[in-house]
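Please find one structure pasted underneath; my questions will follow.
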Amino acid sequence: MKASPFPRGWAWLGLALAVIGWVAFLALTPGGVLRKTDYVAAAVCHRRPEHSFFVGDHQLPLCQRCSGTFPGALTGLLVQWLLWRRRRALRFADWRMLLLMAGLAAPWALDGVNSFTSELPWGEVGVGILGYAPQPWLRLLTGILMGTAMSVFLAPAFNQTMWADGVEEPTIRSWRELALLLAIELAVGAAIYLAEP
């Protein structure tokens, strides 16, 4: 088996520098932890209040759709790498599973277009081009589905980038595993939705 040409010491150095960077960010920037998460989230999300969840009077760092997308992607990666121990699996899932994952990304895009067009001055007020009013739960659900799809593509892509001595197996081996992953993702989405008072 061919050894990875990337020295392990450099990986640990990179991890140590990342931790030092996070500690410096937490210690040296103004505001509490919630304000700091707002700074980070502003780099990846529009954070419009009317599209966001609130806890008390505090707007959460990500909009409803991103509150599904990012945790969905992270959950999918953690399931594949930690629960199923596929940290070195180099192959993508079966092409039919990948096609299904691409299909799960479509509602995210369509609901986003519908949500955007619901705020345009033409047509019925509050109803998008697809004929329905945007809903917080639907934004979250489409985000979770997109995050799941992202994780199915990202896990093997990351493994191929990091490991020259990886294992020639897919990160998701069966439809049963894919169904379990989707069930876990939907449970995460339900937990996020129910956490808002």
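A quick note: this is a predicted structure, and the numbers were derived from the prediction, not measured.
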Salt bridge or not for R88 and E168, using N-O below 4.0 Å? no
Quick one: CG on L83 to OG1 on T75, what's the gap to the nearest 0.5 Å?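 Answer for the CG-OG1 pair, L83 versus T75, is 11.5 Å.
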Examine W175 and L186 and state if one hydrophobic cluster contains both, with Ile, Leu, Val, Met, Phe, Trp and Tyr joined whenever side-chain heavy atoms are less than 4.5 Å apart.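 Same hydrophobic cluster.
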Between S115 and R139, do the side chains contain an N or O donor and an N or O acceptor separated by less than 3.5 Å? yes
If only atom types and distance count, is the side chain of E177 paired as donor or acceptor with the main-chain N or O of R173 below 3.5 Å? yes
Restricting to pairs with a member in residues 67-95, which pass ring-ring contact (aromatic ring centres under 6.0 Å, His included), not counting sequence neighbours? W81-F158
Taking Q160 for the side chain and L90 for the main chain, is one N or O donor matched with an acceptor at less than 3.5 Å? yes
Could you walk me through whether C63 and R47 pass the side chain to side chain contact (heavy atoms under 4.5 Å, CB included) test, one step at a time? CA-CA 5 Å; C63 74; R47 304 189 67 245; 6.0 Å; no
CZ on F54 to OG on S52, rounded to 0.5 Å: 6.0 Å
Strictly distance-based, threshold 3.5 Å: is any side-chain N or O of N114 a donor or acceptor partner for the main-chain N or O of Y132?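 Confirmed, N114 side chain pairs with Y132 backbone.
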So does L98 have more than 12 non-hydrogen atoms from other groups sitting under 6.0 Å from CG? yes
Once you round to the nearest 0.5 Å, how far does CH2 of W108 lie from CZ of R65? 7.5 Å
Indicate if F116 and L140 have the same hydrophobic cluster label, given that clusters are the connected sets of ILVMFWY residues with side-chain heavy-atom separations under 4.5 angstrom.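 The answer is yes; both residues are in one hydrophobic cluster.
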I need the L182 CG to T148 OG1 distance, nearest 0.5 Å.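 With rounding to 0.5 Å, CG (L182) is 5.5 Å from OG1 (T148).
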L110 with M101, same ILVMFWY side-chain cluster at under 4.5 Å: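 Yes, L110 connects to M101 through the hydrophobic network.
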Can you tell me how far the CG atom of L99 sits from the CG atom of D94, to the nearest 0.5 Å?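 CG of D94 is found 10.0 Å from CG of L99.
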Could you tell me if the side chain of S151 sits less than 4.5 Å from the side chain of L77, heavy atoms only?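 In short, these two side chains touch, coming nearer than 4.5 Å.
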Give a yes or no on whether L82 and L74 share a hydrophobic cluster (residues Ile, Leu, Val, Met, Phe, Trp, Tyr; joining criterion: side-chain heavy atoms under 4.5 Å apart). yes
CA sep, side-chain torsions, deciding dist, call: E119, R48, salt bridge (charged side-chain N to carboxylate O under 4.0 Å, His left out): CA-CA 13 Å; E119 297 173 6; R48 294 178 57 190; 2.7 Å; yes
I'd like to know if the side chain of Q64 and the backbone of W137 have a donor-acceptor N/O pair within less than 3.5 Å. no
Whether T142 side chain and D111 backbone form a donor-acceptor pair below 3.5 Å: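 No.
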If you define the side chain from C-beta out and look only at heavy atoms, does anything of L180 sit under 4.5 Å from V79? no
Closest non-hydrogen contact found for P61 with A41 is O-CB, 3.0 Å
Verdict with reasoning, Q80 to I172, per side chain to side chain contact (heavy atoms under 4.5 Å, CB included): CA-CA 7 Å; Q80 292 171 74; I172 298 179; 4.0 Å; yes
Between L60 and L138, is there shared hydrophobic-cluster membership here, with clusters defined by ILVMFWY side-chain heavy atoms closer than 4.5 Å? yes
With heavy-atom distances below 4.5 Å as the criterion, would you say the side chains of Q135 and L141 are in contact? no
Is there a donor-acceptor pair closer than 3.5 Å between any side-chain N or O of R86 and the backbone N or O of T171?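 Looks like yes, one N/O pair under 3.5 Å.
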Please test L120 against T117 for side chain to side chain contact (heavy atoms under 4.5 Å, CB included), starting from the C-alpha separation and ending with a verdict. CA-CA 5 Å; L120 296 176; T117 58; 4.1 Å; yes
Distance, nearest 0.5 Å, that separates OG of S67 from CG of L62: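 Rounded to the nearest 0.5 Å, the OG-CG separation comes to 5.0 Å.
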